[in-house]
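Note that ligands are numbered from 1 as they come in the structure, with each ligand's atoms numbered from 1 the same way.
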Amino acid sequence: MDEILEIKRERIENDFKMLETFTDPEAPWTRRAFSSQNKEARKWLADQFRAAGLDVYNDAASNLIGRRGGEGDQVFMMGSHSDTVIEGGRFDGIVGVLGALEIARCLQDSDIELSLPLEIVDFTCEEPTVPISPVGSRIIAGDITQKDLEGVITPFGDTIHKAIDDLGGDSSDISKAKRALGQIVGYLELHIEQGAVLEKEELAAGIVTAIAGPCRGTVQFIGQPEHAGGTPMPDRKDALVAAAELVIAIEKIVTTTGMSEENVGTVGWMNVSPNMINVIPGQVDMSVEVRSTDLESLVLVRKSLEEEVEKISEKRKIESKLTWDHLEDPVPLPLFMQDVVKSAFTDLSIPIKYLPSRASHDAARIAPITPAGMVFIRCLEGKSHCPEEWASMDDIVLGIRLLGQSLLRLNENFLKNKKG
Ligand code: GLV
Ligand code: MN
Ligand code: MN
């Protein structure tokens with residue numbers, strides 16, 4: 001199939017320049033979900049969606065949605081997220097949102113009507129800004145329900161209810177944002193790889209086969225705060241030493257021989273109390289996160305982590321509590337969606353490369369209710385979630401062309417199946 005969309009590089013460059021201005025001035029490339037920068041960026045995005053001829057609305061989950069093609073229950077969907085982690089995310093999520101926007105503009109420029117309405121989405125709070133993240137795509141899939149919102153507070157001190165409402169949602173009944181199985185006929189997402197597979201193979205783009213399941217929890221160790229000079233070493237109940245043991249144990253667990261090479265594990269956050277130079281740490285609260293694209297391995301990793309917390313706490317005679325906040329299984333992307341994306345690569349004469357995603361995406365969260373396909377583009381040295389995150393404009397433009405062509409192929413596929 002010929003390429004008919006005329007992707008315009010200058011428009012995309014301009015979008016990136018504009019969206020980048022909505023950042024926390026103290027921390028470059030920071031636009032956390034529910035922050036003032038997130039709200040301002042959303043207003044700008046909504047204006048761009050409107051200028052692309054889209055009908056713009058926020059669903060109850062405050063996902064920002066632009067729609068073309070009129071009424072109808074069934075849609076094609078494309079999107080990603082414009083929120084970021086702290087000091088990271090110039091491209092993470094953003095290429096997917098701005099890519100979808102550019103395709104909407106191209107459809108408008110060429111007056112192309114698809115066989116179904118198209119919705120492009122900036123999903124609310126994909127990054128783990130609140131413990132129930134990703135918020136928007138999980139609500140669409142019905143994976144977060146009203147009672148899950150209870151007690152959730154944003155880092156800016158608001159209830160999640162207020163935060164969702166301030167972004168244009170309706171937290172009094174988030175079920176209104178849920179889509180039934182079959183309503184989203186196909187979902188496509190463009191994203192940076194956030195790994196270095198493509199770069200190492202000198203490839204600009206790849207087809208995603210599966211998305212690793214991040215499992216996130218909190219561990220609390222409660223020991224005894226005491227005088228750092230007066231307490232002999234054998235008498236101590238030092239919560240931070242227990243935490244340190246767990247950090248090392250997680251690294252060992254995920255790298256144990258025989259386990260999947262796809263396993264990863266991280267302690268990214270820790271709160272030490274009372275956090276004073278001359279007091280033995282009495283309490284540590286820490287995050288634990290393990291991921292894999294291999295389900296059996298992931299289940300084993302979770303079990304080993306639970307056992308390790310018990311072991312450390314018994315050995316050191318201190319209390320411990322592990323709470324899993326969020327468990328996800330790896331998500332294989334449907335073969336026919338991989339084929340849809342592959343045909344776009346073939347149309348554009350781009351070498352075919354399949355690869356799994358170790359990072360997670362909105363695509364994984366809405367996959368239970370719709371077939372999802374993903375295009376990856378390479379990013380510099382695989383770096384992401386840091387200020388150095390970088391993708392070249394050449395690769396971004398190619399990624400958007402592949403995303404657009406995938407949409408046309410999806411449309412063609414849908415028509416063929418309808419005719420039977
Ligand atoms: C999303 O950014 C993730 O943590 O994979
Ligand atoms: Mn991210
Ligand atoms: Mn992302």
Side-chain angles (χ1 to χ4, degrees), residues 16 19 23 27 29-35 38 41 45 63-64 78-100 120-138 143 187-197 206 208 210-217 254 262-269 287-293 298 325-331 333 355-367 372-380 382-391 396 399 403:
F16 272 89
L19 194 50
T23 176
W29 326 122
T30 303
R31 186 171 46 255
R32 300 194 79 190
F34 310 119
S35 64
N38 184 209
L45 262 178
N63 292 305
L64 175 68
M78 296 193 302
S80 199
H81 60 99
S82 69
D83 67 317
T84 73
V85 297
I86 296 170
E87 291 201 329
R90 253 171 119 175
F91 303 91
D92 170 3
I94 293 149
V95 293
V97 175
L98 296 182
I120 69 169
V121 186
D122 176 22
F123 291 103
T124 299
C125 189
E126 194 270 349
E127 300 289 6
T129 298
V130 290
I132 56 167
S133 294
V135 176
S137 43
R138 289 184 68 205
D143 189 32
Y187 171 80
L188 289 164
E189 182 168 348
L190 169 68
H191 208 282
I192 55 167
E193 183 200 330
Q194 305 179 287
V197 173
V208 180
I211 303 173
C215 299
R216 294 175 173 149
V254 296
E262 294 297 324
N263 295 349
V264 289
T266 311
V267 173
W269 169 86
S287 64
V288 290
E289 197 208 61
V290 290
R291 310 186 186 207
S292 185
T293 46
L298 187 59
D325 298 313
H326 181 63
L327 294 180
E328 266 183 61
D329 289 347
V331 176
L333 297 183
L355 75 169
S357 173
R358 293 206 184 113
S360 195
H361 305 289
D362 292 302
R365 282 54 184 249
I366 70 162
M374 283 194 81
V375 177
F376 265 178
I377 52 168
R378 110 187 108 185
C379 58
L380 187 66
K383 286 198 172 75
S384 182
H385 283 187
C386 56
E388 294 81 14
E389 185 182 278
W390 179 257
I396 292 171
L403 183 69

N or O pair under 3.5 Å between E127 and ligand 1: yes
Subset of ligand 1 atoms that lie under 4.0 Å from at least one heavy atom of E126: 1 (C), 2 (O)
Region of H385 engaging ligand 1 - heavy atom pairs below 4.0 Å: side chain
N/O donor-acceptor pair under 3.5 Å between E189 side chain and A363 backbone: yes
Main-chain N/O of E127 paired to D83 side chain as donor or acceptor, under 3.5 Å: yes
Test item: D143 and R365 side chains (from C-beta on) under 4.5 Å apart, heavy atoms: no
Exam field: side chain T124 to backbone V135, donor-acceptor pair closer than 3.5 Å: no
Aromatic ring proximity, centroids under 6.0 angstrom, H361 and F376: yes
E289, portion touching ligand 1 at heavy-atom distance under 4.0 Å: neither
N/O donor-acceptor pair under 3.5 Å between D122 side chain and L64 backbone: no
Test side-chain hydrogen bond (donor to acceptor under 3.5 Å, both in side chains) applied to S133 - qualifying residues, sequence neighbours left out: none
Numbering as shown, the atoms of ligand 1 that approach A359 to under 4.0 Å (heavy-atom distance): 5 (O)
Proximity to ligand 1 by part of H361, non-hydrogen separation under 4.0 Å: neither
Under 3.5 Å donor-acceptor, R138 side chain and I132 backbone: yes
Ligand 1 contact by H191, heavy-atom criterion under 4.0 angstrom: no
Shell of protein N/O/S atoms around the Mn ion (ligand 3), taken as anything under 2.8 Å: H81 NE2, D92 OD1, H191 NE2
N/O donor-acceptor pair under 3.5 Å between T30 side chain and I86 backbone: no
Residue part near ligand 1, for R358, under 4.0 Å between non-hydrogen atoms: neither
Lys/Arg N to Asp/Glu carboxylate O, E193 vs R378, below 4.0 Å: no
Per-atom contacts, ligand 1 versus R291 - under 4.0 Å to a heavy atom: 3 (C), 4 (O), 5 (O)
